[in-house]
Amino acid sequence: MKKMLLLGMLVIGGLSYGRDFERRESQELQVVQSVRCENREMLSRERELGEKNQEIYSDFHRELNNMDRGHENR
């Protein structure tokens, strides 16, 4: 009788642990996926900002070159 009770407790404990393990595993996977999504969004924002800064930098230097050429022609 004690063996049956012990066996029943072990089975129920094992099933409970397995269910919790699967739930935690799926939650951890969701967290990892959301972090990856955030990283992609941040990288795309950084890339857009870098492209915008590059355009501003190019325009600034183009204007400097034009101003320098105009000064030399006078």
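Numbering starts at 1 and runs along the sequence shown. The structure displayed is predicted, hence computed values, not measured ones.
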**Request:** Scan residues 32-60 for pairs that pass ring pair (Phe, Tyr, Trp, His ring centres under 6.0 Å), counting only residues two or more places apart or in two chains.
**Result:**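 Listed once each, the pairs are Tyr57-His61.
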Members sharing [X]'s hydrophobic cluster (side chains within less than 4.5 Å):
{"X": "Leu10", "answer": "Leu6"}
{"X": "Ile12", "answer": "none"}
{"X": "Leu5", "answer": "Met9"}

**Request:** Could you name each residue pair satisfying salt bridge (charged side-chain N to carboxylate O under 4.0 Å, His left out) that touches residues 53-67, not counting sequence neighbours?
**Result:**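 Pairs touching residues 53-67 that pass the test: Asp59-Arg62.
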**Request:** Enumerate the residue pairs fulfilling side-chain hydrogen bond (donor to acceptor under 3.5 Å, both in side chains) with a member in residues 30-51, sequence neighbours excluded, ordered by first and then second residue.
**Result:**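 Sorted result for residues 30-51: empty, none.
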